[in-house]
Amino acid sequence: MRFAELWSGLEPIGRCARGGGYRRYSWTPQDSQCRAWFTEQAQARGLAVTADRNGNLWAWWGEPGPGAVVTGSHLDSVPDGGAFDGPLGIVSAFAAVDLLRERGAEPVKPVAVTAFIEEEGARFGVACLGTRLLTGAVTPDQARSLTDDAGMSFADAMAGAGLDPDGIGADDDLVANIGAFVELHVEQGRALAPLGHAVGIGESIWPHGRWRLDFTGVADHAGTAQLADRRDPMLAYASAVLAARRAASEHGTLATFGKVIAEPGGSNGVPAAVHAWLDARAAQEQALEQTVSAVCAEAEKAAAEQGVSLRVRQESATPVVRFDRGLRERVSAVLGDVPVLATGAGHDAGVLAARVPVAMLFVRNPTGVSHSPAEHADLADCEAGVLALAAVLEELACR
Ligand code: GLV
Ligand code: MN
Ligand code: MN
């Protein structure tokens, strides 16, 4: 099946009528529809579909076993995310399998298409939760006790979607069977367009992480509480936001507060608490640490000045990832003169890279915008991505 036809089956699921962004959060009805789409596509190709113990989906071309060549990405989205982040890798994987079959390719190794759960961490806070569980980087108890903003636990949400949360955890046998993992992903940033290339190869992922800051003050009336009497957590939070911008400029890093919840959330009241999430990324570990320390120090200082308390917790951390050099050189040899890129975006490929040889392919995003409905890749570039992925899979699985 051609890319456009495959793409059109998935495209409407979870898209908001207003704004056109995607809300495909883990273990929701939209997520179930995406998973059903995956299963249908696999079955239509005669690929055996299994959910592993963590709910990650695997569609096998050939018997599961050692040396498997695995490709895929994720189906979940950030709030009002773009259409391509995640799904592009999965649609391209099925399209690449079709192309290889049309060409009569005969893999001598098992090939699998995967969809990993909760890559964005948009519902339960920890990015790449499916691969972190699979590889043991997050324990079952840690995962089960994560909660969403409404207080529902990961375990209850997973059970509600018909999967068994008691069985989650590391699967060393499954990981040991992966000979190579290749993730195709929409480019997040704008390096390929000026270079005139539709496809790039991943070299590394910046170290990055998420921190949750809980500021607790005292709720009061906006019309009667005197300024001097207030213990306003919003002020301390505001100082932290400005500190993040300053620290990022100073250290040449990125620091973002993209999510904030004020409690109880009345427009005519001093809030009782402000919960905020800091996302920080840097080319170097040291610069990342300096950035986060500077933001936390300023947040502590501002909290003390305002008479509010502050608790800081790291929700997830990913050290610098350098993809397997040998595999990258093999991919480069197949694709020819293709740019090699570092990225500040996180991926399941980055988590798996701690255990198995991993390569990434990026498909040009003409504006570079991502985590937004404006994220885009032209159809011709998506098709070029499929050709590139098929060539890489052929090299890895058919020789
Ligand atoms: C995932 O897209 C991330 O980089 O947070
Ligand atoms: Mn993303
Ligand atoms: Mn992604």
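A quick note: this is a predicted structure, and the numbers were derived from the prediction, not measured. Order of listing sets the numbers, starting from 1, for every ligand and every atom in it. Hydrogens, waters and symmetry mates play no part in the numbers below; they use all other heavy atoms, side chains included.
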Can you find an N/O atom of E119 closer than 3.5 Å to an N/O atom of ligand 1? no
From the Mn ion (ligand 3) out to just under 2.8 Å, does an N/O/S atom of H347 turn up? no
Which ligand 1 atoms does [X] reach within 4.0 Å, using its non-hydrogen atoms?
{"X": "A345", "result": "4 (O)"}
{"X": "E120", "result": "1 (C), 2 (O)"}
{"X": "G346", "result": "1 (C), 2 (O), 3 (C), 4 (O)"}

May I ask you to identify, for H371, whether its side chain, its backbone, both or neither come under 4.0 Å of ligand 1 on a heavy-atom basis? side chain
Of the backbone atoms (N, CA, C, O) and the side-chain heavy atoms from C-beta on, which set of R281 has a member under 4.0 Å from an atom of ligand 1: side chain, backbone, both, or neither? side chain
Is NZ or CZ of R2 both nearer than 6.0 Å to the six-membered ring centre of W7 and within 45° of the ring axis? no
Which angle, to the nearest 10 degrees, do you find at the Mn ion (ligand 2) between OD2 in D85 and OE2 in E120? 90°
Tell me, which N, O or S atom in H74 is closest to the Mn ion (ligand 3)? NE2
Go through the steps to decide whether V91 and F3 satisfy the test side chain to side chain contact (heavy atoms under 4.5 Å, CB included), and finish with yes or no. CA-CA 7 Å; V91 171; F3 177 90; 3.5 Å; yes
Below 4.5 Å, heavy atoms only, C-beta onward: do L100 and E106 meet side chain to side chain? no
Given the side-chain rings of Y25 and F124, with only the six-membered ring counted for Trp, is the space between their centroids under 6.0 Å? no
Kindly compute the distance separating OH (Y22) from CG (L75), expressed to the nearest 0.5 Å. 12.0 Å
Non-hydrogen atoms of R103 and L387 that approach each other most closely: NH2-CD2, 3.9 Å
E118 bridged to R123 by N-O distance under 4.0 Å: no
